[in-house]
Amino acid sequence: MLDIQLLRTDPNYVIARLNSRNYSFPVDQFNHLETERKKIQTYTQELQAKRNAVSKQIGLAKSKGTDTTAILAEVANLGDELKQSVIQLEQIQSKLQKILLEVPNLPHDSVPHGNGESDNLEIRRWGVIPSFEFEIRDHVSIGEGLKLLDFEAATKLSGSRFSMMKGNLARLHRALAQFMLDTHIQEHGYTETYTPYLVNHDSLYGTGQLPKFEEDLFAVKSGGSANDEEHASGLYLIPTAEVSLTNIVRDEIVAAHALPLKFVAHTPCFRSEAGSYGRDTRGLIRQHQFDKVELVHIVHPETSYAALEALVGHAETILQKLKLAYRVVTLCTGDMGFSAAKTYDIEVWLPAQNTYREISSCSNCESFQARRMQARFRNESGKTTLLHTLNGSGLAVGRTLVAILENYQNADGSVIIPEILRPYMNGLDQLCTAGGQ
RNA sequence: GGAGAGAUGGCCGAGUGGUCGAAGGCGCUCCCCUGCUAAGGGAGUAUAGGCGCAAAACGCUUAUCGAGGGUUCGAAUCCCUCUCUCUCCGCCA
């Protein structure tokens, strides 16, 4: 959520910034509502002040035993008038709130302007793109060939966009998550966190998934509750652990000396992928359920951009240790997510697609989420101040597995296990067909 | 799921219709006293808004005692609904 003060004092600046990300702010509607709000709020508060004053008088009079009928008559209609006014005010404020909740964050100065993916700015590459002297297979073909990846079973259980892994592939998937967690807690100073996978409305409002992106989520209801009762439980499956981790500080005033807070969690993520029909339908790239190791920073506003650089570095470390080629791009204004002021995507090289594909997205949300969450700290002069929040994948586990299968494939369909993961695999150095293990 | 108890400021804890945004204590900040860490005295110490001011300081004002409704001129206090916490029982991993 943007600072409403900024919209009042410098609307043109805000509008221009929002235009750069293809969002047109409803200025006229906003201004109209603001004028109304000011008028009605002032009036309402006057009535309240009057009521308070008169009630105090009555209290005084009664304690002295004076007759109060005259004063009571004076305020006979005040209650109704006030009630009307309060209702009007609430209506206007909820309209304003609705507008504000749907406005995306302002892009940071350093973000390149552009309309979409093609305008993103590559800032560095790492690693060597592997070359193969045989026909490259994609991860689906490799996984199914090894009999370790079973989409048919997943489809039977749940439908499309689900997967089943078996044997050493399932173990490799687990190893990846462990390796990522260990790296972040041992080398990067994160606090390991186990979080709820079901969260309430307020949490999703806090990080910006609601109210605008409800169709991307899975809502759950309690068993046995009436079928037609919408969202019986009021809970949603998390689309990312960013929600659980960032909301740790919702409605909190964090002690300044406790900053920065750095959390890491390995969780499943659930996304309905509404509107992505036909995209990445094959394989593990786009699933309704996938695992991710998520990194979240809660920081002092002055350090958030330094924290963003560190955060990207932490995610890159994982790919470097796995010896997977990647590049880092700065998302342009038109391609950024709703809550982000600046985002770096890390894209890993996928040989079968002959291109880089997103494996991590690291964003500084500045105070955008903090304002929604009322997440604050007490600054140097003792004033409560909004925090800055950042999040990034470190990394998406399923896509990392895809990258390993494709980049480490051999001509015979076997796959080398990256050295760094072998301790997590009881020393195993490759996935091969023999025995299906 | 059944029975009961509870939810007040950073913390503890008073407060069952009126000058209560809230006693008292602890903690914290500043000052004074005291020649050393102790003790004592004084002042201050919630949050979010609105309006005024170019703005800060400040001034005026509103809301907030788990949440939402209601009764009332007036609600922390009375009534209703919900949420959460605790205890006991049941069930479960």
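Below, chains carry the letters A, B, ... as their sequence lines are ordered, and counting in each starts from 1. The analysis underlying the following values was restricted to heavy atoms, covering all of them including side chains, and did not include hydrogens, waters or symmetry mates.
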- Task: Identify the heavy atoms of A:Met336 and A:Pro107 that sit nearest to each other, and give their distance.
- Result: CE-CB, 3.6 Å

- Item | Euclidean distance for P, B:U64 against B:G25 (whole angstrom) | 28 Å

- For A:Ile359 and A:Thr400 the tightest heavy-atom approach is CD1-OG1, 3.4 Å

- Message: Between the side chains of A:Arg17 and A:Asp109, is the shortest nitrogen-to-carboxylate-oxygen separation below 4.0 Å, so that they form an ion pair?
- Response: yes

- Message: Rounding to an integer number of Å, can you tell me how far A:Glu36 CD sits from B:G50 C1'?
- Response: 16 Å

- Message: Can you see if the side chain of A:Asn52 gets near the phosphate of B:G74 - specifically, an N or O under 4.0 Å from OP1 or OP2?
- Response: no

- Message: Counting only side-chain heavy atoms from C-beta out, which of B:U62, B:G18, B:C51 sits nearest to A:Ala49?
- Response: B:U62

- Tell me whether the OP1 or OP2 atom of B:A63 has a side-chain N or O from A:Arg51 closer than 4.0 Å. yes

- Looking at the side chain of A:Ser55, which of B:U62, B:U71, B:G18 is the nearest nucleotide? B:G18

- Message: Can you tell me the base-pairing partner of B:G59? Count Watson-Crick or G-U wobble geometry only, both distances below 3.5 Å, and say none if there is no partner.
- Response: B:C51

- Message: Just the rounded figure in Å: distance from P of B:C73 to CG of A:Leu82.
- Response: 13 Å

- On the 0 to 90° scale, with breaks at 30° and 60°, tag the A:His188-A:Tyr190 ring pair as parallel, tilted or perpendicular. perpendicular

- Task: Answer with base, sugar-phosphate or nothing: what part of the nucleic acid does A:Gln5 contact at a heavy-atom distance below 4.0 Å?
- Result: sugar-phosphate

- Task: Look through every strand shown and name the nucleotide pairing with B:A43 as Watson-Crick or G-U wobble, where both distances are under 3.5 Å.
- Result: B:U29

- Taking side chain as C-beta onward, heavy atoms only, is A:Leu47 less than 4.5 Å from A:Val86? no

- For A:Thr384 and A:Lys62, take the nucleotide of RNA chain B holding the closest heavy atom to each; which residue's nucleotide lies nearer the 5' end? A:Lys62

- Atom CG of A:Asp251 to atom P of B:A67: distance rounded to whole Å? 12 Å

- Query: Which residue lies toward the 5' end of RNA chain B, A:Val54 or A:Gln374, if each is placed at its nearest nucleotide?
  - Reply: A:Gln374

- Message: The side chain of A:Gln41 is closest to which nucleotide in this list: B:U62, B:C73, B:G50?
- Response: B:G50

- Whole Å only: how far is the NE2 atom of A:His257 from the P atom of B:G10? 15 Å

- Query: Does the ring-ring contact (aromatic ring centres under 6.0 Å, His included) test come out yes or no for A:Tyr197 and A:Phe270, once each step is laid out?
  - Reply: CA-CA 9 Å; A:Tyr197 303 155; A:Phe270 302 92; 7.4 Å; no

- What is the pairing partner of B:A5, taking Watson-Crick or G-U wobble pairs with both distances under 3.5 Å in any strand? B:U85

- Query: For A:Arg8 and B:G49, is the shortest distance between a side-chain N/O and OP1 or OP2 below 4.0 Å?
  - Reply: no

- Query: Rounded to the Å, how far apart are A:Gln93 CD and B:U62 P?
  - Reply: 16 Å

- Query: When the C1' atoms of B:G52 and B:A57 are considered, how many whole Å apart are they?
  - Reply: 14 Å

- Task: Using atom CG of A:Leu47 as one end and atom P of B:C51 as the other, report the distance to the nearest whole Å.
- Result: 17 Å

- Query: Within the structure shown, what part of the strands sits under 4.0 Å from A:Arg376 by heavy-atom distance: base, sugar-phosphate, or nothing?
  - Reply: sugar-phosphate

- Task: Taking atom types as modelled, find out whether A:Thr317 and A:Glu187 have a side-chain donor-acceptor pair closer than 3.5 angstrom.
- Result: no

- Could you tell me whether the side chain of A:Gln45 has a donor or acceptor atom within less than 3.5 Å of a complementary atom in the base of B:G49? yes

- For the pair made of CG in A:Leu60 and P in B:G18, what is the distance, rounded to whole Å? 12 Å

- Message: Work out how far the P atom of B:U77 is from that of B:U72, and round it to whole angstrom.
- Response: 16 Å

- Query: Should A:Lys56 be listed as having a side-chain N or O under 4.0 Å from OP1 or OP2 of B:G74?
  - Reply: no

- Query: Could you give the CD-to-P distance, from A:Glu90 to B:U62, as a whole number of Å?
  - Reply: 17 Å

- Determine the interatomic distance between P on B:G44 and the same-named atom on B:A39; round to the nearest Å. 23 Å

